Number of protein chains: 2
Amino acid sequence: MEKHNLSMQKLRRMMHEVYRVFKKSIEEQQHEGIKISPEQFGLLHAISTKDEEVIQKDMAEMMGKNKSAILRLIDSLEEKELVRRVADVKDRRKNYLMVTKVGYKVLDQYMRVVHELMEEMQQGLTQNDIDTFHKVVNHIKCKAEKL
Amino acid sequence: MEKHNLSMQKLRRMMHEVYRVFKKSIEEQQHEGIKISPEQFGLLHAISTKDEEVIQKDMAEMMGKNKSAILRLIDSLEEKELVRRVADVKDRRKNYLMVTKVGYKVLDQYMRVVHELMEEMQQGLTQNDIDTFHKVVNHIKCKAEKL
DNA sequence: AAATATTAGTTGCTAACATCAACTAATTGT
DNA sequence: ACAATTAGTTGATGTTAGCAACTAATATTT
């Protein structure tokens, strides 16, 4: 009982710390340049990894976020010129999301920082540990989605 | 590289789903009564589990949050009469945080829901899985705290 | 073809959370 | 007694989330 709840809190704490360190590293490694928040980064990255073209609705589903939330995020990314909306010629309701050149550049920088940090923070953990971690995360997510 | 980043995003997604389900269950099981947010719940619970009396600063440290953030949370909990600040007689700067009777009642209700949900979502996972999960979370948190 | 239903995105509003700097009052240290 | 430190507060700013209502575009039904 108490154990389970603590895990969510610990999880939250862990993520908070990771983001804090991440932010600090970004500041240190880039005194200038475009700064984006974790959520913005998450969306930018998600868009960039999709092979086929995606629309806002797709991203909302994929990230499990409310469509307004996605819209706001896209607004903010578009404002920074990291992403562009391109209306579908056949269905004018749909906006395809495209990562700009600058977008890819920022993404690359951020990914490098993420990579370094994760390498560092994972030291001392086995691959099995990490795989189990992902398994648990995925398992709980899927269970939760069904409720 | 991409794998590590995805885990943070997946983690975030998982937590989002868990909170969604949690909220839904609360709504279903309590058509009335005091509603509190995950953060409020987290703080309320944290306060309740400490044997010795704690002050705001303690909670900020313990939860890894900014003191203003804690203050605001306490404000909101105090407003709902779930928590009370009690000034230390010897050091008037310090406020001890006490969970009220109502506070314990709400906490109990919420804990019950949490317990049920976690039981349900953990089905199919072994104790070893869960332990490893906690181990990884704790490991990363500690590593991050040192950076 | 026209009417209705559905879809994708937008808007306005509200709530919650986080952080920083500056500040105040209280206590401790010199 | 004064300076430094501490605990909490305030104001401002930024970010994210969610809901309902709305608009324009498309699909389906009549």
Side-chain angles (χ1 to χ4, degrees), chain A residues 9 12-13 15-24 26-27 34-44 46 53-80 83-97, chain B residues 9 12-13 15-24 26-27 34-44 46 53-80 83-97:
Chain A
Q9 293 303 322
R12 202 163 187 93
R13 174 76 191 275
M15 285 177 66
H16 179 82
E17 289 297 328
V18 171
Y19 284 138
R20 181 188 62 80
V21 170
F22 174 67
K23 190 175 167 186
K24 185 178 157 194
I26 290 281
E27 299 280 357
I34 296 170
K35 301 286 161 56
I36 59 176
S37 68
E39 296 301 320
Q40 292 171 333
F41 174 55
L43 180 59
L44 188 59
E53 311 207 284
V54 291
I55 61 174
Q56 282 167 231
K57 182 190 130 208
D58 297 328
M59 298 323 295
E61 280 168 12
M62 183 184 145
M63 302 189 79
K65 287 177 187 286
N66 174 285
K67 58 182 181 178
S68 305
I70 292 292
L71 177 135
R72 277 27 188 290
L73 274 180
I74 295 166
D75 280 350
S76 63
L77 287 174
E78 202 176 25
E79 184 177 348
K80 293 173 192 277
V83 156
R84 286 176 55 194
R85 288 175 167 98
V86 180
D88 183 335
V89 199
K90 293 176 194 171
D91 184 344
R92 305 254 299 285
R93 297 173 304 180
K94 297 181 180 179
N95 290 328
Y96 289 110
L97 304 174
Chain B
Q9 294 301 321
R12 203 164 182 92
R13 174 76 192 274
M15 286 176 68
H16 179 83
E17 289 297 327
V18 172
Y19 284 138
R20 180 189 63 80
V21 170
F22 174 67
K23 190 175 168 187
K24 185 178 157 194
I26 289 281
E27 300 280 358
I34 296 169
K35 301 284 161 59
I36 60 176
S37 69
E39 295 302 320
Q40 292 171 330
F41 173 54
L43 180 60
L44 188 60
E53 309 208 286
V54 291
I55 61 173
Q56 283 167 230
K57 182 190 131 215
D58 296 329
M59 298 321 294
E61 281 168 11
M62 184 184 143
M63 302 189 78
K65 287 178 188 283
N66 174 284
K67 59 182 178 175
S68 305
I70 291 292
L71 176 136
R72 270 46 188 276
L73 272 180
I74 294 165
D75 280 349
S76 64
L77 287 174
E78 201 176 26
E79 187 178 345
K80 293 172 192 278
V83 155
R84 285 176 57 194
R85 287 175 167 97
V86 180
D88 184 334
V89 199
K90 292 174 191 169
D91 184 345
R92 307 251 298 284
R93 296 173 303 179
K94 297 181 179 178
N95 291 327
Y96 288 112
L97 304 174

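Letters A, B, ... mirror the listed sequences (proteins, then strands); counts begin at 1. Everything quoted here is computed from the prediction, not taken from an experiment.
Within the nucleic acid shown, B:Ala69 comes within 4.0 Å of at least one base atom, counting heavy atoms only. Across all strands, A:Lys57 comes closer than 4.0 Å only to sugar-phosphate atoms, never to a base (heavy-atom distances). Residue contacts shown for B:Lys67 include a base, since a base heavy atom lies under 4.0 Å away. If you check every strand for non-hydrogen atoms under 4.0 Å, B:Lys23 touches nothing. B:Arg85 comes within 4.0 angstrom of sugar-phosphate atoms only, judged by non-hydrogen atoms across all strands, and of no base.
D:dG18 atom P lies 11 Å from atom CG of A:Leu73, rounded to whole Å. Between B:Asn66 atom CG and D:dT13 atom P the separation is 17 Å, expressed in whole Å. Taking atom CD1 of residue B:Ile55 and atom P of nucleotide D:dT6, one finds them 12 Å apart after rounding to whole Å. Taking atom CG of residue A:Asp88 and atom C1' of nucleotide D:dT26, one finds them 11 Å apart after rounding to whole Å. In this structure, the CG atom of A:Leu77 is 11 Å from the P atom of D:dT15, given to the nearest Å. With rounding to whole Å, B:Lys65 atom NZ is found 18 Å from D:dT15 atom P. As a whole-Å value, the separation of A:Met63 CE from D:dT16 C1' is 12 Å. Taking atom CG of A:Leu71 as the reference point, atom P of D:dA21 lies 19 Å away to the nearest angstrom.
Here the straight-line distance linking atom CZ of A:Arg72 with atom CG of A:Leu43 works out to 14.0 Å at 0.5 Å rounding. Going from atom CD of B:Gln9 over to atom CD of A:Glu39 covers 6.5 Å, rounded to the nearest 0.5 Å.
Side-chain atoms of A:Arg13 come within 3.5 Å of backbone atoms of B:Met62 as a donor-acceptor pair (strictly under, hydrogens ignored).
No more than 12 heavy atoms of other residues, nucleotides or ligands sit less than 6.0 Å from atom CZ of A:Arg92. Summarising the local packing, CZ of A:Arg85 is surrounded by more than 12 heavy atoms from other residues, nucleotides or ligands at distances under 6.0 Å.
Residues B:Lys24 and B:Glu27 are not paired through a salt bridge, judged by the lack of any N-O separation under 4.0 Å between the basic side chain and the carboxylate. Residues A:Asp88 and A:Lys90 are not paired through a salt bridge, judged by the lack of any N-O separation under 4.0 Å between the basic side chain and the carboxylate.
Comparing A:Val89 and B:His16 by the nucleotide of DNA chain D whose heavy atom lies nearest to each, the residue mapping closer to the 5' end is B:His16.
In this model, a side-chain donor or acceptor of B:Ser68 finds a partner on the base of D:dT10 within 3.5 Å. A donor and an acceptor atom sit less than 3.5 Å apart, one in the side chain of B:Arg72 and one in the base of D:dG11.
The side chain of A:Glu39 approaches D:dT16 more closely than any other nucleotide in the set D:dG18, D:dT9, D:dT16.
Bracketed by its first and final contacts, the part of DNA chain C lying under 4.0 Å from non-hydrogen atoms of chain B reaches from C:dA16 to C:dT27 in 5' to 3' order.
When all heavy atoms of A:Leu44 and A:Leu77 are compared, the closest pair comes out as N-CD1, 4.1 Å.
Side-chain nitrogen and oxygen atoms of B:Asn95 include at least one within less than 4.0 Å of the OP1 or OP2 phosphate oxygen of D:dT9.
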